[in-house]
Amino acid sequence: MARLLRAGQRLPSTRTLAGDLSLSRITVLNAFDQLLAEGYVESRVGAGTFVASSVPDELPARPSRASSPAGSDRKARRRGSYRVDDVARHEPGPWFRGRGPFSVAQPPLDRFPWRVWSRLVARAARRLDSELLHYTGPMGYKPLREAVAEYLRTSRAVRCEADQLMVVGGAQHALDVSARALLDPGDPVWIEEPGYFGARRALSLAGCRLVPVPVDEEGLDVESGIARYPRARAAYVTPSHHVPLGVTMSASRRLRLLDWARRSGAWIVEDDYDSEYRYGSQPITSLQGLDGDSRVVYAGTLTKMIFPSLRLGYIVVPPDLIDAFMAVRRATDFFCPIFPQVVLTDFIREGHLGRHIRSMRKLCESRRTALVEAIAHEFGEELRILGDRAGMFLATTLPKGCDDRAVASEAARRGLWAPPLSECYLGRARLRGLVLGYGGFDEETIRAGVRLLRQVVDATRVNSGRRPVR
Ligand SMILES: Cc1ncc(COP(=O)(O)O)c(C=O)c1O
């Protein structure tokens, strides 16, 4: 952009300029002061004000939408990180964008004790003293770590002390921090196949090589992982409730996985995101609780127990890795906001979390039953429900010949949000079906959703040239 005023050129006096522009002299003096402060002009005593000699004659053009680089220019332009391209490969489809039945991302917010929570928020705000307003250590708010450690020891059989507990911004953050602390770019990592796209994203961003290991009715097929990639640096698992198939990892597979990790010096990242919710049996104890060699990094979240926007979770860090994990936090976000941690501590300490989980367990179980019955009513034997009675979602197969992506797309068009199973595979999909979240919806909504799903399935079959089922 060519400039009207050149370096070294004398500016008119403020009095002249004010007269020419019909402005108050104060306005012009203020403008000169600002230009002086920013280094665009310089004043010489007795001589006046001049355009600074250090300002180049050509200023960079201001970017505009219209002038964004095109064609070969765009290619020549240095792009962002290549890793971000890898992460984009794990972006879920449109079926994740909406809110409503059967979104897997919606816990039962309709039954959350909001009054209690608001009271605790108000009380915590009154209690905030200067100690809570300063920078603090990267592990998080000590009383919260003590409360969560106690909860994990008694409810999840996790072996931990508060010193090992790091507060993070949800499970996704736990995966990111763990990947940064444990792994280097290019490191091979076992991931469950099918599996959770959030883990694939975090590990891709860390530059890891994703090694898909099949999951069957007993969870991760450890022998297959060992046969394919014995030297992997880590394994990511959801042993208590696999995403998306809903199976529980068997005791023999757990022991085999721990044995492999011990022998090969690999890490295991256990994502225990919703294990509080099991129906008809006690919660399965954590994999970390079986680990005698401190190879397991245990990640948990408050997303399902409280609400997703709280963005709080935790990592139980093996003692010898605490320094490494703290270094990652110091280099990234230091620590999570303290205020919500204060509120959450009171929520746990005063027994509200325990009560809420107990009532959620009953509620989610009846919502699951409503979904299973509605599926049986609308689809009979055509759909097979996979996985255990646990969590807030279930996976189903689809009637023969249905393309799960086509069904999921049509469902999303009609306001049903159910990701296709085939999207959960990194390689070729062995199973096709849908993942249906039920935790966040009352029974009538669930029944209406399944009736609509029946229509979607029929319409999708007609469109793909097949006869409707009825
Ligand atoms: C396997 C798994 N981990 C973690 C989460 C929750 O993540 P966050 O705590 O980041 O909200 C989910 C959410 O559905 C999940 O499916």
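- For Arg311 and Asp333, the salt-bridge test fails: no basic side-chain N is under 4.0 Å from an acidic carboxylate O.
- Salt-bridge annotation for Lys304 and Asp274: absent, with no side-chain N of the basic residue lying under 4.0 Å from a carboxylate O of the acidic one.
- In this structure, Arg123 pairs ionically with Glu350, as a charged nitrogen and a carboxylate oxygen lie closer than 4.0 Å.
- Under a 3.5 Å cut-off, the side chain of Arg25 and the backbone N or O of Ala18 do not form any donor-acceptor pair.
- With salt bridges taken as basic N to acidic carboxylate O contacts below 4.0 Å, one links Arg180 and Asp176.
- When all heavy atoms are compared, the tightest approach of Leu426 to Pro212 is CD2-CG, 3.9 Å.
- A donor-acceptor distance shorter than 3.5 angstrom exists from the side chain of Tyr273 to the backbone of His241, with no hydrogens or angles considered.
- Under a 3.5 Å cut-off, the side chain of Asp129 and the backbone N or O of Leu132 do form a donor-acceptor pair.
- Arg367 places a side-chain N or O within 3.5 Å of a backbone atom of Phe441 that can act as its donor or acceptor partner.
- Of the N and O atoms on the side chains of Glu270 and Ser286, not one donor lies less than 3.5 Å from an acceptor on the other residue.
- With respect to the salt-bridge test (charged N to carboxylate O, under 4.0 angstrom), the residues Arg349 and Glu150 qualify.
- Considering Phe112, Trp117, Trp114, Phe347 in turn, Phe347 is the only one that fulfils the ring-ring contact (aromatic ring centres under 6.0 Å, His included) rule with His352.
- Put simply, the side chain of Gln164 gets close to the backbone of Val317: a donor and an acceptor are under 3.5 Å apart.
- A donor-acceptor pair is defined here as one N or O able to donate and one able to accept, closer than 3.5 Å; such a pair exists between the side chain of His356 and the backbone of Met305.
- Geometric assessment of Arg430 against the ring of Tyr425 yields a negative cation-pi assignment under the 6.0 Å and 45° thresholds.
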